[in-house]
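Quick one: structure below, then a few questions.
As the structure lists them, so they are numbered: ligands from 1, and atoms in each ligand from 1.
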Amino acid sequence: MSNKSKQQLFATRLGVIAATVGSTVGLGNIWRFPYEAGVHGGGAFLIIYIFFILILGVPVLCAEFAIGRSTHSNVLGCFRMLKPHQPFWRIVGIIGVTSGVMILSFYSVIAGWTLEYFIASLKGDIAGRSTDEFHTMFGDFTVGMRPIVWTVVFLLINYCVIVRGVQKGVEKASNVLTPALMVLLIVFCINSLMMPGAAEGLKFLFKPDFSRITPAVVIGAMGQAFFSLSLGLGCMLTYASYFPDKTPLVRSATVTVGLDVMTALMAGILIFPVVFTYGFSPQEGPTLVFEVLPAIFSQLSGGWFWAPLFFLMLFLASLTSTISMSEIGIAWLTQERGMSRSKACVLVIAVAMVCGVACALSFSYWAGLKLPLVGEFNVFGFFDYTSSNVLLPLGGMLISIFAGWILDRTILRRELTHPRTLLSSLTPVIVFLLRYVSPVMILVIFIANI
Ligand code: TRP
């Protein structure tokens with residue numbers, strides 16, 4: 001059943017963890033989490049986000065791992081192999097490939113911003129400015145052509161990595177990057193905790209105000225849980241198809257989730273004290289982190305050194321995430337459509353480039369352009385909202401129904417149970433969540449929102 005012989009595999013246990021953590025840790029934690037938490041009331045958002053990570057994130061991650069590893073196949077191929085007579089399930093693959101490219105497009109815009117700030121901080125443009133100036137600095141940057149150029153540059157860099165193949169590119173890069181980013185974050189968190197606004201910032205982030213919980217907060221937190229764990233579109237499934245059979249899946253899932261949540265929390269601890277110290281608005285939205293980070297570095301001793309280093313790490317963390325997004329489409333094109341890897345890479349990047357430029361324009365020339373039918377969104381907002389808050393949970397719901405009800409129970413148990421790890425004893429809990437909890441919960445949230 002498996003097509004392992006044709007399939008490249010990650011070489012080492014560390015490679016498996018580094019690549020999955022590399023995919024999950026990225027702008028989702030450091031850019032998207034603080035801005036979503038800011039918009040949705042801090043503590044109220046955090047608590048629901050963590051609830052969803054545990055109740056939806058962990059089981060769906062295990063399901064993606066099990067499906068991917070048991071077939072060693074891509075997001076369309078795996079359903080064909082597991083249930084050849086139920087073509088319906090290939091819809092998960094179609095959602096996956098489509099939303100993978102959508103996310104790659106808008107994500108590359110933000111990753112492009114990290115490049116701009118990397119260069120600006122190298123040139124010393126960040127030092128000695130006031131809060132208002134950081135606001136203006138960002139505004140000046142986004143109205144010009146530079147965001148578009150950086151989006152294109154970022155996608156080209158991404159192309160150069162992915163075209164070299166799975167093991168060589170992804171694994172090597174992730175082994176070093178993710179731990180380094182975490183260490184840097186810890187250093188900066190300590191710095192933020194010493195600021196005058198630290199208490200207020202922490203209170204905002206950690207003290208839940210239940211009166212602020214609305215359907216929008218719930219759906220935002222669910223979308224963020226999926227986005228942050230790279231779940232719902234078969235990204236983790238595709239990576240798991242490169243896992244060796246001896247990888248303990250539940251343990252890998254637990255480590256991935258733990259590190260991912262920790263990074264998001266660190267980003268919050270880093271950002272909110274500064275927001276309150278410098279009088280930024282937590283409700284700022286997608287631009288929040290890019291106005292707040294320069295403020296941190298401008299007052300930090302040795303900021304000229306830390307700022308470029310941090311933006312470089314952020315850029316690299318984005319890269320390990322976009323590599324994984326690109327891989328969904330590439331695995332499908334090469335394995336199902338018989339395309340060469342280099343052609344598949346060109347195709348995926350080309351589509352993402354066209355859509356990415358449209359997203360980049362949403363912060364300048366097309367800022368006022370609201371899409372017909374979805375009235376409140378511009379192109380960027382539409383891509384972000386639809387993929388994260390609609391397509392990912394929808395994909396996640398279908399994946400949990402498939403794993404819980406359709407997939408042969410022996411396959412699921414065989415994949416999740418590992419003789420030498422204690423965490424395998426969680427398997428029955430995961431199966432229960434997949435069958436009865438996650439699909440129902442996602443459906444109820446969808447219906448409540450409509
Ligand atoms: N999880 C990544 C982050 O937090 C982004 C990401 C990578 C992603 N692959 C994905 C999001 C697949 C959704 C689906 O930055």
Qualifying residues under side-chain contact (heavy atoms from CB on, under 4.5 Å), relative to S281, sequence neighbours excluded: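 side-chain contact (heavy atoms from CB on, under 4.5 Å) check on S281 returns Q283, E284.
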
Check: N158/S326 side-chain N/O donor and acceptor closer than 3.5 Å: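 Side-chain D/A pair, N158 to S326: present.
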
Close aromatic pair by centroid cut-off 6.0 Å: F432 and Y436: yes

Salt bridge (charged side-chain N to carboxylate O under 4.0 Å, His left out) involving R251 - partner list, sequence neighbours excluded: none

Residue shell around ligand 1, heavy atom under 4.0 angstrom: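 Residues within 4.0 Å of ligand 1: S23, T24, G26, L27, G28, N29, I103, Y107, F227, S228, S230, L233, C235, S321, S324, M325, L392.
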
Pairs touching residues 27-37 that satisfy side-chain hydrogen bond (donor to acceptor under 3.5 Å, both in side chains), sequence neighbours left out: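 Qualifying pairs, neighbours excluded: N29-D260, R32-Q224, R32-D384, R32-S388, Y35-D384, E36-H40.
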
Mutual orientation of the aromatic rings belonging to F380 and F363 [parallel < 30°, tilted 30-60°, perpendicular > 60°]: perpendicular

